[in-house]
Chemist: 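Encoded as structure tokens, here's the structure I'll be asking about.
Read the numbers this way: they start at 1 and go in the same order the structure lists the ligands and their atoms.
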Amino acid sequence: MQQFAQIQAEFTEEQFEEISALVHQLAGIHLHEGKKELVKSRLAKRTRQLQLRNLNEYITYVREDTTGRELILMLDAISTNLTFFFRESKHFDFLRETILPSLEQKRKKIRIWSAGCSSGEEPYSVAILLHEVIPSAASRDIRILATDLSTRVLAVACRGEYGEDSFRDTPPPLVQKYFDLIQRQPQRLYRVSASLRNMIHFARLNLMDPWPMKGPFDVIFCRNVMIYFDKPTQNRLVNRFYDLLTEGGALLLGHSESLTGTKHRFRYHQPATYVR
Ligand SMILES: C[S@@+](CC[C@H](N)C(=O)[O-])C[C@H]1O[C@@H](n2cnc3c(N)ncnc32)[C@H](O)[C@@H]1O
């Protein structure tokens, strides 16, 4: 407890600035002053796990780790990963009613990218809708790419096991149809069915880095990710998304995000929904 108090007290302005600069350079994430307490408590936790004495020692440890592994773990500790199935349901209505029926008619292969997928609830929700709207989905050339910066959340996504909290916006019949109840006590735990799992490829990708895939994608989800980036970073990213979409393809942002003030070539369709 004493050690924890010491770690808490020793997060100086200089240290915060150094961490902020590193995180911005590596992940595009802008840590403003209001995030200082959050960053402090998250890095203090990591410092304790490593049995280091204070944040200074931790920063030195990150700097001197030539494998780059601790940098990844530091970004894991700092990133915010809140998500759940069918979060911001208007996008899923749009997918079910408009995008997927049209893709089913027009295209042989369907490609969807969940960029910043966190623990996987977003791409699994898309996979559920694909099965619901396109009965032959399992035998068609349909793939979902799901990427995130954080290895910690990707491990959860690959495991595909979720507690009831993740299903707060999921109609119960869909839970019954696409998940197996694998544990009742101390709390219920569900595992995604193989039919969903087989559609998705999970991979670590920092959106700031070059992207290995060529696309094109019919739909790109990048929801509640760009809020952490500054305007120039958002501008670059949005234009890279545009280049990777098919004509008529859609970019879906989080509902608190918009492209207002961003230089882009998209056509506005509805809130947080843009079409190439
Ligand atoms: C709040 S979650 C959003 C999850 C999901 N898209 C949703 O809306 O429910 C934001 C995710 O963006 C990821 N992220 C942040 N910066 C990133 C970057 N530079 N490259 C890739 N992913 C990033 C975080 O790791 C986190 O999992």
Chemist: Distance to 0.1 Å, residue and atom name: give those for the protein heavy atom nearest to atom 3 (C) of ligand 1.
Modeler: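 In this structure, atom 3 (C) of ligand 1 has R223 O, 3.5 Å as its nearest protein heavy atom.
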Chemist: If you count the atoms of ligand 1 from 1 in the order shown, which ones are under 4.0 Å from a heavy atom of S118?
Modeler: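 Answer for ligand 1: 4 (C), 27 (O).
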Chemist: What do you reckon, does V153 have a nitrogen or oxygen under 3.5 Å from a nitrogen or oxygen of ligand 1?
Modeler: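 In fact, backbone or side chain, V153 has no N or O that close.
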Chemist: Centre-to-centre under 6.0 Å for F85 and Y162, is that the case here?
Modeler: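 So the answer is yes for these two rings.
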Chemist: What protein heavy atom sits nearest atom 25 (O) of ligand 1, and how far off is it?
Modeler: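 Heavy-atom neighbour on the protein nearest atom 25 (O) of ligand 1: D148 OD1, 2.6 Å.
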Chemist: Heavy atom under 4.0 Å from ligand 1: found in S79's side chain, backbone, both, or neither?
Modeler: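 Side chain only.
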Chemist: For a quick test of reading the model, state the closest non-hydrogen atom pair linking L75 to R204 and the distance between them.
Modeler: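 Closest pair (atom of L75, atom of R204, distance): CD1-NH2, 4.5 Å.
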Chemist: With backbone taken as N, CA, C and O and side chain as the heavy atoms from C-beta onward, which portion of F229 lies under 4.0 Å from ligand 1: side chain, backbone, both, or neither?
Modeler: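 Side chain only.
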Chemist: For atom 9 (O) of ligand 1, which candidate among L237, T83, L207 holds the nearest heavy atom?
Modeler: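 Result: the heavy atom closest to atom 9 (O) of ligand 1 is in T83.
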Chemist: Could you pull out, from T147, D209, V225, N206, the option with a heavy atom nearest to atom 18 (C) of ligand 1?
Modeler: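 Going through T147, D209, V225, N206 one by one, N206 has the nearest heavy atom to atom 18 (C) of ligand 1.
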Chemist: Thinking salt bridges, do R276 and E247 make one under a 4.0 Å N-O criterion?
Modeler: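 Salt bridge: yes.
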Chemist: To which protein heavy atom is atom 21 (C) of ligand 1 closest, and what is the distance rounded to 0.1 Å?
Modeler: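 Answer, as residue, atom name and distance: L205 O, 3.3 Å.
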Chemist: For a quick test of reading the model, state the closest non-hydrogen atom pair linking H255 to E88 and the distance between them.
Modeler: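 In terms of heavy atoms, the two residues are closest at N-OE1, 3.0 Å.
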Chemist: Give the residue and atom name of whichever protein heavy atom lies nearest to atom 4 (C) of ligand 1, and the separation in Å to one decimal.
Modeler: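 Heavy-atom neighbour on the protein nearest atom 4 (C) of ligand 1: G116 O, 3.4 Å.
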Chemist: Is the distance between the ring centroids of Y274 and F221 under 6.0 Å?
Modeler: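 That pair fails the under 6.0 Å test.
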Chemist: Look at the aromatic rings of Y178 and H131 and report parallel, tilted or perpendicular, splitting at 30° and 60°.
Modeler: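 Tilted: the ring planes of Y178 and H131 meet at 30° to 60°.
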Chemist: Are any side-chain N or O atoms of D218 and backbone N or O atoms of R111, one a donor and one an acceptor, separated by less than 3.5 Å?
Modeler: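 Side chain of D218 to backbone of R111: a pair is present.
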Chemist: At their closest point, which heavy atom of S166 faces which heavy atom of E121, and how far apart are they?
Modeler: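 Smallest interatomic distance, heavy atoms only, reads OG-OE2, 3.1 Å.
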Chemist: Provide, to 0.1 Å, the distance between atom 15 (C) of ligand 1 and the closest protein heavy atom, together with that atom's residue and name.
Modeler: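 It is I29 CD1, 4.0 Å.
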Chemist: Just need the protein heavy atom nearest to atom 22 (N) of ligand 1, so name the residue and atom and give the distance.
Modeler: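 In this structure, atom 22 (N) of ligand 1 has L149 N, 3.3 Å as its nearest protein heavy atom.
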Chemist: I need the nearest protein heavy-atom contact for atom 2 (S) of ligand 1: residue, atom name and distance, please.
Modeler: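 The answer is T80 O, 3.5 Å.
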Chemist: Which atoms of ligand 1 sit under 4.0 Å from any heavy atom of E122?
Modeler: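 In order of numbering, the contacting atoms are 5 (C), 6 (N), 7 (C), 8 (O).
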Chemist: Between R63 and E18, does any side-chain N to carboxylate O distance fall below 4.0 Å?
Modeler: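 The answer is yes: the pair qualifies as a salt bridge.
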Chemist: Which residue and non-hydrogen atom of the protein lie closest to atom 8 (O) of ligand 1, and at what distance in Å?
Modeler: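 Closest protein heavy atom to atom 8 (O) of ligand 1: N224 ND2, 2.8 Å.
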Chemist: For F241 and F266, which heavy atoms make the closest approach, and how far apart are they?
Modeler: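 Heavy atoms of F241 and F266 come nearest at C-CZ, 4.4 Å.
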